[in-house]
**Student:** 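Pasting in a structure now, in structure tokens, and then I'll have a few things to ask.
Both backbone and side-chain heavy atoms feed into the values below; hydrogens, waters and symmetry mates do not. Order of the sequence lines sets the chain letters (A, B, ...), proteins ahead of strands, with each chain counted from 1.
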Amino acid sequence: MISERLAGVVERAINKATEEGKLGPLKNCPFPVSVERPRLPEHGDLAVGIALKLAGQAKMPPIKIAEVIADYIEKDEQAGAKNIERLAVAPPGFINFHLSTGWLEESLSEVHNKAEKFGALNIGEGRRVLVEYVSANPTGDLHIGHGRGAVYGSCLSNLFSFVGFAVEQEFYVNDAGVQIQQLGYCAWALYQRLQGRDVPYPEEGYPEDSLKHFLEPLVKEYGSSFLELDAEEGAKKLGELTKMTIMESQRKLLSRLGVNFNTWFSETSLHTSDAVTSVLKEFEKKQKSYESEGALWLKAKELGDERDRVLRKSTGVTTYLAADAAYHLDKYKRGFDQLVTIWGADHHGQVPGLKASVKALDLDAEKLEIILTQIVNLNREGQMVRMSKRAGTVVTLEEVMDEVGVDATRYYLAESNPQNPINFDLELAKRTSRENPAFYIQYAHARCCAILRKATEEQVNQESGATEKPVLSAEQLSEYLSEFKKKPDCFRAAFDPGHEVFQHQKALVQKLDSFPDEVREAAVTRLPGRMARYAYDVANDLQKFYEVSRVITDDLSVTKARLGLILATKQVLANALSLIGVSAPERM
RNA sequence: GCGCUCGUAGCUCAGUGGAUAGAGCCCCCGCCUUCUAAGCGGGUUGUCGUUGGUUCGAAUCCAACCGAGCGCGCCA
């Protein structure tokens, strides 16, 4: 990566300059040098604004600092080998680098060498992170909002894993408490009604239509064998069976969406294992709880919450918070270095309570990161598609996936940042044109594959109908592939420096080269959506390149070099798409 | 009322302390005898919600206000 190498050169210059006392009181470079790509071509290929950032500590005007650094870079003999053609200092204190094509060649060679590992980093250094997400109640179908959490969590997990963390993904199953009881009543009533018994359906329960399709297969399988049961036993039995059916359907659907969990953690298990009662004891022991009006309260207010929270109601039943505290204590005990919990934004009111409970247990609250995902609005032809669960008109995740496909579903849910609401346009997601970024990116990948096929497969002449032998033989191709890794200068023929088209050629390679930086940025900001937008940019740059630079030509060295460039582009597109879990098709 | 999130082009959204604030869509004009035109090029578009403050420098940080969404239970 050129920017990394360049950052090293700049940092060395700064350290040398500070050693010789040329940068005021500064001892060495206090923060990492970041290299950016200037917007305007006259500002060079790459630039650093470090002098602006050092101004305060060095107590010197930025422009002076830039001049000093530039001076040291020019004196650095190794710097010449970094493909720096010339550099310029520009106000208010930027150092602009103009580079030779050598760095483009090295970048391409690096992509070929690292292949599917290109862009992978080791920020995580093997540290263990647990990502908990979706965690829906097993009381109905998943809707598009769950889909967003699912896609976000899975993309973030992919990203963590790509930057060197050992990732585990977990689904917390809220299979305890009143909602499951409620499910039991509904299931029991529905079971009887489906067999002709005229019993009332619980008015306050889950909509009948939202459960019917889960009960029908149960009726098919068990027939009337449970009709004998009394109301209590019936609700328990049917509730349990329905819960299992729903969980299995959720698991299957998520798997189809490319979302797979290492563990499904049952809330019930926290109750049966006494984890909940023991966490309450722990609060008591640490004097972080007290009894009042017959209930047990967590002293949340002194730990950053706006008020204290109930852990055990006066009825003796523990609250959701108590179970969540026990659950998170369990996560800590499992020894993770980082815990990421993804919730729908409608649960943001619970964040201070959970944080307080973690602090009350003297656990490191810094390790626990709670990320909230905002709502998804479904659109069709500009009309809002309502998602009212009560009215029974809920649009399920499955319906969306059936309609627009898995790739488009994933792309649109992955693309935007979690703190912003999504407007998911069902019609746009189905479109096969440039307007639809999901399609456009895949088309770019398929186009790369088409060029490779064209170069290496037999072609049928349109006029004569005769079969023509491929431009490149299999032997030539494999020979080239190994040259791409070992001889960066074989890419030189891909470029036309000085020519108008060179800007497109350079832009594409620069974009490919910046992938590792983009990955780092996406990982540290927890915004995998950046990968989606990056892939779009690559696709766009590829199309521009394609338009002006013919790959298969009469000149074998040009064909070879450009084919190498196309294959590098295909690789980077595939890597970026794989991080967001969207497929990279060979043809379309 | 309090809290959280958000407010950037007609629309959908990037950009979160640095150069003249970007991209796509929409609209207009060009480009197919050549590897996928399902494409490409060019053009038009801004009180960065408002007002103050911090800073050499603010869309970005701080405060107040305006607007939108969500949340404020011994529900889960």
**Student:** Give the nucleotide from the list A14(B), A76(B), A19(B) with an atom nearest to the side chain of R533(A).
**Tutor:** A14(B)
**Student:** Check each residue of residues 409-419 of chain A for a non-hydrogen atom within less than 4.0 Å of any atom in RNA chain B, then write out the ones that pass by number, or none.
**Tutor:** N417(A), Q419(A)
**Student:** Would you check if E132(A) and Y327(A) make a side-chain contact, meaning some heavy-atom pair closer than 4.5 Å?
**Tutor:** yes
**Student:** How does RNA chain B read in dot-bracket, base by base from 5' to 3', with Watson-Crick or G-U pairs under 3.5 Å and | used when the partner is on another strand?
**Tutor:** (((((((..((((....[...)))).(((((.......))))).....(((((..]....))))))))))))....
**Student:** In whole Å, what separates the C1' atom of C11(B) from that of C27(B)?
**Tutor:** 13 Å
**Student:** Using a cut-off of less than 4.0 Å, is there contact between a side-chain N or O of N436(A) and OP1 or OP2 of A38(B)?
**Tutor:** no
**Student:** Of the nucleotides C74(B), G15(B), C35(B), which has the atom closest to the R550(A) side chain?
**Tutor:** C35(B)
**Student:** Whole angstroms only, please: what is the CG-C1' distance between D541(A) and G41(B)?
**Tutor:** 14 Å
**Student:** U36(B) phosphate, OP1 or OP2: any side-chain N/O from R453(A) under 4.0 angstrom?
**Tutor:** no
**Student:** In whole Å, measure the gap between the C1' atoms of A58(B) and A19(B) for me.
**Tutor:** 15 Å
**Student:** How close do D45(A) and Q510(A) get, heavy atom to heavy atom, and via which atoms?
**Tutor:** O-NE2, 3.1 Å
**Student:** Would you say NZ of K430(A) has more than 12 non-hydrogen atoms from neighbouring residues, nucleotides or ligands within 6.0 angstrom?
**Tutor:** yes
**Student:** Would you indicate which nucleotide in A19(B), C75(B), C35(B) comes nearest to any side-chain atom of K313(A)?
**Tutor:** C75(B)
**Student:** Heavy-atom nearest nucleotide on RNA chain B for N96(A) versus Y440(A): which residue maps closer to 5'?
**Tutor:** N96(A)
**Student:** From C-beta outward on Y546(A), which listed nucleotide comes closest to its side chain: C13(B), G39(B), C35(B)?
**Tutor:** C35(B)
**Student:** Would you list the protein and nucleotides 22-32 of chain B atom pairs, both N or O, that sit under 3.5 Å from each other?
**Tutor:**
from, atom 1, to, atom 2, distance (Å)
G22(B), OP1, R39(A), NE, 3.4
G22(B), OP1, R39(A), NH1, 2.0
G22(B), OP1, R39(A), NH2, 3.2

**Student:** In Å, rounded to the nearest 0.5 Å, how long is the span from OG1 of T432(A) to CZ of F439(A)?
**Tutor:** 5.0 Å
**Student:** Between CD of E415(A) and CD1 of I580(A), what distance do you get to the nearest 0.5 Å?
**Tutor:** 9.0 Å
**Student:** May I have the distance from Y172(A) (atom OH) to A76(B) (atom P), rounded to whole angstrom?
**Tutor:** 11 Å
**Student:** Could you tell me if Q179(A) and T139(A) have a donor-acceptor pair between their side chains, going purely by distance under 3.5 Å?
**Tutor:** no
**Student:** Could you tell me how far apart E521(A) (CD) and U16(B) (C1') are, to the nearest whole angstrom?
**Tutor:** 11 Å
**Student:** Hydrogens and angles aside, do K331(A) and T341(A) bring a side-chain donor and acceptor to less than 3.5 Å of each other?
**Tutor:** yes
**Student:** Looking only at atom P, what distance separates G24(B) and A14(B), rounded to whole Å?
**Tutor:** 16 Å
**Student:** Pick the P atom in G10(B) and in U50(B), then give their distance to the nearest Å.
**Tutor:** 13 Å
**Student:** In this structure, how many angstroms lie between the P atom of U36(B) and the CD atom of E457(A), rounded?
**Tutor:** 11 Å
**Student:** Where the side chain of S583(A) meets the backbone of P585(A), is there a donor-acceptor pair that is under 3.5 Å apart?
**Tutor:** no
**Student:** Starting at CE of M588(A) and ending at C1' of G39(B), how long is that distance when rounded to a whole Å?
**Tutor:** 13 Å
**Student:** Show the distances under 3.5 angstrom between N or O atoms of the protein and N or O atoms of nucleotides 68-73 of chain B.
**Tutor:**
none

**Student:** Check this for me: does any side-chain nitrogen of one of R550(A) and D496(A) sit under 4.0 Å from a carboxylate oxygen of the other?
**Tutor:** no
**Student:** What contact category does S433(A) fall into here, base, sugar-phosphate, or nothing, at under 4.0 angstrom with non-hydrogen atoms?
**Tutor:** sugar-phosphate
**Student:** Within the structure, does a side-chain N or O atom of K430(A) lie under 4.0 Å from either OP1 or OP2 of A38(B)?
**Tutor:** no
**Student:** If the P atom of G39(B) is compared with that of A21(B), how far apart are they to the nearest Å?
**Tutor:** 30 Å
**Student:** If I take atom NE2 in residue H43(A) and atom P in nucleotide U20(B), what distance separates them, rounded to the nearest angstrom?
**Tutor:** 8 Å
**Student:** Check this one for me: any side-chain N or O of N420(A) less than 4.0 Å away from OP1 or OP2 of U12(B)?
**Tutor:** no
**Student:** Please tabulate, one pair per line, each protein N/O and nucleotide N/O from nucleotides 55-60 of chain B that are separated by under 3.5 Å, including the distance.
**Tutor:**
none

**Student:** For the atom pair CZ (R453(A)) and CD (E586(A)), what is the distance rounded to the nearest 0.5 Å?
**Tutor:** 7.0 Å
**Student:** Choosing from C75(B), C74(B), A38(B), which nucleotide comes nearest the side chain of W297(A)?
**Tutor:** C74(B)
**Student:** With the 90 degree cut-off around zero defining syn, does C32(B) come out syn or anti?
**Tutor:** syn
**Student:** Compare the ring of Y443(A) with the six-membered ring in the base of G39(B) and state whether they stack (centres under 5.5 Å, planes under 30°).
**Tutor:** no
**Student:** Would you measure the distance from the C1' atom in C56(B) across to the matching atom in G17(B) and give it in whole Å?
**Tutor:** 12 Å
**Student:** Please work out if S549(A) contacts a base, only the sugar-phosphate, or nothing of the nucleic acid, heavy-atom cut-off 4.0 Å.
**Tutor:** base
**Student:** One thing to verify: whether E291(A) and R312(A) come together as a salt bridge, which I'm taking to mean a side-chain N less than 4.0 angstrom from a carboxylate O.
**Tutor:** yes
**Student:** Applying salt bridge (charged side-chain N to carboxylate O under 4.0 Å, His left out) to D537(A) and K544(A), what does each step give before you reach the verdict?
**Tutor:** CA-CA 11 Å; D537(A) 288 343; K544(A) 289 174 179 177; over 6 Å; no
**Student:** May I have all residue pairs that pass ring-ring contact (aromatic ring centres under 6.0 Å, His included) and include part of residues 535-562 of chain A, sequence neighbours excluded?
**Tutor:** Y440(A)-Y536(A)
**Student:** Can you find a donor-acceptor N/O pair under 3.5 angstrom joining the side chain of S314(A) to the base of C74(B)?
**Tutor:** yes
**Student:** Pick base, sugar-phosphate or nothing for A323(A), based on heavy-atom distances below 4.0 Å to the nucleic acid.
**Tutor:** nothing
**Student:** Calculate the interatomic distance between R312(A) atom CZ and C75(B) atom C1'; express it in whole Å.
**Tutor:** 18 Å
**Student:** Please compare T318(A) and H504(A) by the position of their nearest nucleotide in RNA chain B and report the one closer to 5'.
**Tutor:** H504(A)
**Student:** Looking only at atom P, what distance separates G22(B) and A63(B), rounded to whole Å?
**Tutor:** 29 Å
**Student:** Do R410(A) and D407(A) sit within salt-bridge range, that is, some charged N less than 4.0 Å from a carboxylate O?
**Tutor:** no
